[in-house]
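Values in this document were obtained by computation on a predicted structure and should not be read as measured data.
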Amino acid sequence: MLVENQTHVPDILDCIANLSSDEVFTPPDVANQVLDLLPKEIWSNPDIKILDPCTKTGIFLRESARRLMVGLEEKIPNEIERREHIFKNMLFGIAITELTGLLARRSLYYSKDAMNDYSIVHFKDSDGNIQFKRMEHEYVQGKCKVCGSPYENLERGSTMENYAYQFIHEKDVSHMKFDVVVGNPPYQIADGGGGKGTSASPLYHLFVNQAFRLKPRYVAMIIPSRWFSGGKGLDSFREQMLNSTNFRSLVDYTNALEVFPGTQIKGGVCYFLWDKNYTGPCEVTQIEEGSPSESIRRYLNEHGDVFIRFNEATPILDKVKEKATSFHDEFVSSRKPFGILSNFKDYKEKEFKGSIQLYGVDGIKWIDRKYVTTNKEWIGLWKTLIPKAGPGNDGYPHRILGVPLVAPPGSCATETYLVAGVFESQVEAENLAKYLKTKFARFMIALVKNTQNLTKSGFRFLPVLDYGSTWTDKTLFKYFEISDKESEFIDSIVKPMD
């Protein structure tokens, strides 16, 4: 609370709105949380060099300067000399656009022109140590071979920004020698897919990998958490990250709004500290509604090629793996289970001779069976369907899945649904649907699913059971020996499904 005659001076970088969910400005308090991961001794070392390769507001460099001005006071007592040394020899940035270069210089040097009298430190050129160099995409068959964006999306002439980010489009980075690489890279770029051109490919992993190639002592970055288990083009990146033993810390926010207010990033965000000279387990902290979980030191690949974000979930998964003999990813269909797209329109409102039912986004319609091109043998069986697109996730507890339904023999579905199982009996199909509604089943899926869309790989931890019987959370918790404390944790993650 403000007292009389006290003036509140807001930080302008707290007030800047994000332009999109692709390039997200970092609030000062978040930047400091990331910098807190670095060892304290670096702030009193006058020989280190820090690079932000994707600077937007310059916040990481500004807050680093603040720390260095305090940490180097004993070694460089003269304030002017200390500032000169820090700004000219220790802090460097690569702007992602010409505009953010100006913004970062204004934030760090107090002037967009590092040569003029308003700059807190005078440089020999106007960029200072924050450079922006226009790069060009290198197109192969119409797409940039570095970032994957199509030519028609970004080529709008030399006077328009083309988002060929310098750090990842630079062919040779061997000349860059830094001790610390820190930042919040662009997250994605439009790739022209998705039917209406709404699809995007991830970019953040390219910045992380390029940072590793510089061979610094430390890398600390904020990136989306969806790499934990999914994401377009992220398989090799995920494998590399999970199998690395160089991570000291990983802090995961399930709800990105807690980090970037007003910006929706499905699956949450995380930040990490990678240490070239460290080998061992990573300290993992998961934060929900401002409350951190108890930090646990564990290897990121302890459950194979997917990272389990919840520390409390690992003993539950261990119990399930010990008792289960098979898992549902072996039986769930791939996308387009019957080869029919979600925008299919050649259907009839009423049944006609030789027709079959079609379950899709428009409800239940009737089509000629000739349109079924895959899994034709499933038409005559009972099917348990699950919507491919689940409810949006803005934090937990969450419903995880859309409501499953049972389709009778003589039916099929568009890609709006996945087929969770096929059976000869109605009872088994209905019991699988009931099983998918349990908190236990949806929790096991939540361990993998951190985006809105569901895939067959999302069922890799859901055990297959006998569907001649009806399963409830009570019988499931007893069967898998889930403790009261563990069931309470499951309740905190999964909402009831009506």
Side-chain angles (χ1 to χ4, degrees), residues 22-23 47-56 58 60-61 64 87-102 104-105 108 114 123-151 153-155 158 160-189 191 201-223 227 233-237 239-241 244 246 272-277:
D22 302 345
E23 298 167 348
D47 298 321
I48 67 165
K49 295 183 184 296
I50 300 174
L51 171 69
D52 180 350
C54 41
T55 189
K56 294 180 281 294
F60 286 102
L61 298 176
S64 294
F87 281 73
K88 289 187 175 181
N89 302 309
M90 302 183 71
L91 301 177
F92 301 83
I94 299 175
I96 61 171
T97 65
E98 186 174 7
L99 176 61
T100 60
L102 297 173
R105 290 183 205 105
L108 186 62
F123 287 85
K124 294 181 179 180
D125 62 80
S126 59
D127 288 350
N129 283 342
I130 299 176
Q131 65 172 258
F132 170 74
K133 182 172 71 173
R134 182 180 174 91
M135 304 291 291
E136 300 301 329
H137 296 279
E138 188 172 346
Y139 294 103
V140 176
Q141 295 182 339
K143 286 198 171 185
C144 177
K145 71 176 188 179
V146 175
C147 65
S149 185
Y151 177 88
N153 277 25
L154 296 177
E155 292 307 316
S158 60
M160 300 286 287
E161 177 58 53
N162 66 351
Y163 301 100
Y165 301 110
Q166 179 180 343
F167 187 60
I168 60 174
H169 286 79
E170 193 85 67
K171 291 183 179 179
D172 183 13
V173 295
S174 60
H175 62 285
M176 296 186 184
K177 305 295 182 184
F178 295 96
D179 304 284
V180 179
V181 180
V182 62
N184 177 16
Y187 294 160
Q188 61 187 29
I189 194 164
D191 60 17
S201 295
L203 280 180
Y204 56 90
H205 65 301
L206 302 179
F207 282 84
V208 175
N209 281 334
Q210 192 76 304
F212 291 158
R213 291 187 192 102
L214 299 188
K215 299 180 180 179
R217 173 65 193 274
Y218 303 105
V219 176
M221 286 188 165
I222 310 174
I223 58 176
W227 69 267
L234 293 173
D235 289 347
S236 60
F237 176 72
E239 180 181 3
Q240 167 195 323
M241 296 284 278
S244 173
N246 298 112
F272 62 82
L273 175 63
W274 179 92
D275 181 348
K276 181 178 67 174
N277 295 343

Within-4.5 Å side-chain heavy-atom neighbours: [X] and [Y]:
X: Pro186; Y: Cys54; answer: yes
X: Arg217; Y: Lys215; answer: no
X: Leu234; Y: Tyr204; answer: yes

So does Lys171 pair up with Glu138, basic N to acidic O under 4.0 Å? yes
Less than 4.0 Å between a side-chain N and a carboxylate O, is that true for Glu170 and Lys133? yes
Quick one: does any side-chain atom of [X] pair with a main-chain N or O of [Y] as donor and acceptor, under 3.5 Å?
X: Asn162; Y: Met135; result: yes
X: Thr100; Y: Thr97; result: yes
X: Asp52; Y: Gly183; result: no
X: Asn129; Y: Phe87; result: yes
X: Arg105; Y: Asp127; result: yes
X: Lys56; Y: Ala95; result: no

Test side chain to side chain contact (heavy atoms under 4.5 Å, CB included) on Ile223 and Phe272; report intermediate values, then the result. CA-CA 9 Å; Ile223 58 176; Phe272 62 82; 3.9 Å; yes
Distance from [X] atom [atom1] to [Y] atom [atom2], nearest 0.5 Å?
X: Ile189; Y: Tyr165; atom1: CD1; atom2: OH; result: 5.5 Å
X: Tyr151; Y: Tyr139; atom1: OH; atom2: OH; result: 7.0 Å
X: Leu108; Y: Ile130; atom1: CG; atom2: CD1; result: 4.5 Å
X: Ile222; Y: Asn184; atom1: CD1; atom2: CG; result: 4.5 Å
X: Ile168; Y: His205; atom1: CD1; atom2: NE2; result: 8.5 Å
X: Leu61; Y: Thr55; atom1: CG; atom2: OG1; result: 5.0 Å

Carefully, step by step, assess Ser149 and Tyr163 under the rule side chain to side chain contact (heavy atoms under 4.5 Å, CB included). CA-CA 10 Å; Ser149 185; Tyr163 301 100; over 6 Å; no
Just to verify, what does Lys88 make a side chain to side chain contact (heavy atoms under 4.5 Å, CB included) with, not counting sequence neighbours? Glu84, Val121, Phe123
If the condition is side chain to side chain contact (heavy atoms under 4.5 Å, CB included), which residues does Asn209 pass it with, not counting sequence neighbours? Phe212, Arg213, Phe237, Gln240
Please enumerate all residues that pass ring-ring contact (aromatic ring centres under 6.0 Å, His included) together with [X], with sequence neighbours excluded.
X: His169; result: His137
X: Phe132; result: none
X: Phe178; result: Phe92

Determine, step by step, whether Tyr187 and Leu203 satisfy the side chain to side chain contact (heavy atoms under 4.5 Å, CB included) criterion, reporting the C-alpha distance in whole Å, the side-chain angles of both residues, the deciding distance to 0.1 Å, and the verdict. CA-CA 5 Å; Tyr187 294 160; Leu203 280 180; over 6 Å; no
Tell me which one of Ile94, Val180, Val182 satisfies side chain to side chain contact (heavy atoms under 4.5 Å, CB included) with Leu51. Ile94
So, using salt bridge (Lys or Arg N to Asp or Glu O under 4.0 Å) as the criterion, who are the partners of Lys124 when residues are at least two apart? none
Derivation of the side chain to side chain contact (heavy atoms under 4.5 Å, CB included) call for Arg134 and Gln166: CA-CA 7 Å; Arg134 182 180 174 91; Gln166 179 180 343; over 6 Å; no
